Amino acid sequence: MQLIHKLGILLAILLSALIGTAQGKSDKLYDMYSGKDGVFTLSFNSSFLKPLEVFVDDDTKEVIMKMKKVRMLFYNEHKGTQNAFDVYERFTSELKGDKYFEIDPEEIDCKNGSIKVESDENLLLIGHGTKNEMDEFHILVNDDNNTMLFSFFGEITINNFKELGRFSKISRKNMVY
């Protein structure tokens, strides 16, 4: 009986080690900052996105359905203990190497929509994997006293984000204020 107990403990330790290593750098960032002063996080999975199908065209629907998870982190230095730019720099340094790569915002540009950067903003687009087969796509923005990290998880390509840029432009035109 004692042998079974020891094997059970060993199996539990091995499983927890495997689960811990399966977590990506970006997930660790979210976990590290979640619950801290000045931080607001939001996360939802594909089941939350499914109802959006009725509001979009078929091309956009295809892109949205590739998303398995979306996470957002907003940091406000007035409510937190760190400088917002320091948080931005920490995120930037953590999301380097290990198949992470920077994406030029011009690559997301499409004729109907694009990512525009104001002169006082720091914007970084980061992918994980390759440009044609990303499993993570991150948008990191620092603007004055705030740092924002938007993360998309799934089978994503640069062309998928061009399609979402087009949808964003169309939806802004159709909104009534």
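All values reported here derive from a predicted model rather than from experimental measurement.
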Identify which one of Val87, Leu140, Thr41 satisfies the side-chain contact (heavy atoms from CB on, under 4.5 Å) criterion when paired with Leu149.
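For Leu149, the side-chain contact (heavy atoms from CB on, under 4.5 Å) test succeeds with only one of Val87, Leu140, Thr41, which is Leu140.
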
**Study point:** Sole residue of His138, His128, Lys69, Arg71 in side chain to side chain donor-acceptor pair (under 3.5 Å) with Ser151
**Key:**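 Testing each of His138, His128, Lys69, Arg71 against Ser151, the sole residue satisfying side chain to side chain donor-acceptor pair (under 3.5 Å) is His138.
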
| query | Is the distance between the ring centroids of Phe150 and Phe74 under 6.0 Å? | reply |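 For Phe150 and Phe74, the ring centres are under 6.0 Å apart.
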
Measure across [X] and [Y] and return the closest heavy-atom pair with its distance rounded to 0.1 Å.
{"X": "Val39", "Y": "Tyr75", "value": "CG2-CD1, 3.5 Å"}
{"X": "Asn132", "Y": "Thr157", "value": "O-CG2, 3.1 Å"}
{"X": "Glu94", "Y": "Lys25", "value": "O-CD, 3.0 Å"}
{"X": "Lys96", "Y": "Thr92", "value": "CG-O, 3.2 Å"}
{"X": "Thr130", "Y": "Met134", "value": "O-CG, 3.0 Å"}

(Q) I want to check something: taking the side chain as every heavy atom from C-beta on, are Phe40 and Met148 in contact at a cut-off of under 4.5 Å? (A)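 SC-SC contact between Phe40 and Met148 ruled out.
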
Report task. Provide the full list of salt bridge (charged side-chain N to carboxylate O under 4.0 Å, His left out) pairs with a residue in residues 127-142, sequence neighbours left out, each pair given once. Result ->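 Applying salt bridge (charged side-chain N to carboxylate O under 4.0 Å, His left out) to every pair that reaches into residues 127-142, excluding sequence neighbours, yields Glu107-Lys131.
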
Working to the nearest 0.5 Å, report the span between [atom1] of [X] and [atom2] of [Y].
{"X": "Leu95", "Y": "Leu124", "atom1": "CG", "atom2": "CG", "answer": "8.0 Å"}
{"X": "Asn145", "Y": "Lys79", "atom1": "CG", "atom2": "NZ", "answer": "11.5 Å"}
{"X": "Asn142", "Y": "Asn122", "atom1": "CG", "atom2": "CG", "answer": "5.0 Å"}
{"X": "Leu125", "Y": "Phe101", "atom1": "CG", "atom2": "CZ", "answer": "10.5 Å"}
{"X": "Asn83", "Y": "Thr147", "atom1": "CG", "atom2": "OG1", "answer": "8.0 Å"}
{"X": "Lys68", "Y": "Glu155", "atom1": "NZ", "atom2": "CD", "answer": "4.0 Å"}

Margin query: So for atom CD, which belongs to Glu89, do other residues, nucleotides or ligands contribute more than 12 heavy atoms lying within a distance under 6.0 Å?
Written below: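 Above 12, so yes.
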
Practice problem: Start with the C-alpha distance between Phe91 and Tyr88, add both sets of side-chain angles, then the distance that settles ring pair (Phe, Tyr, Trp, His ring centres under 6.0 Å), and finish with yes or no. | Solution: CA-CA 5 Å; Phe91 288 177; Tyr88 174 86; 8.4 Å; no

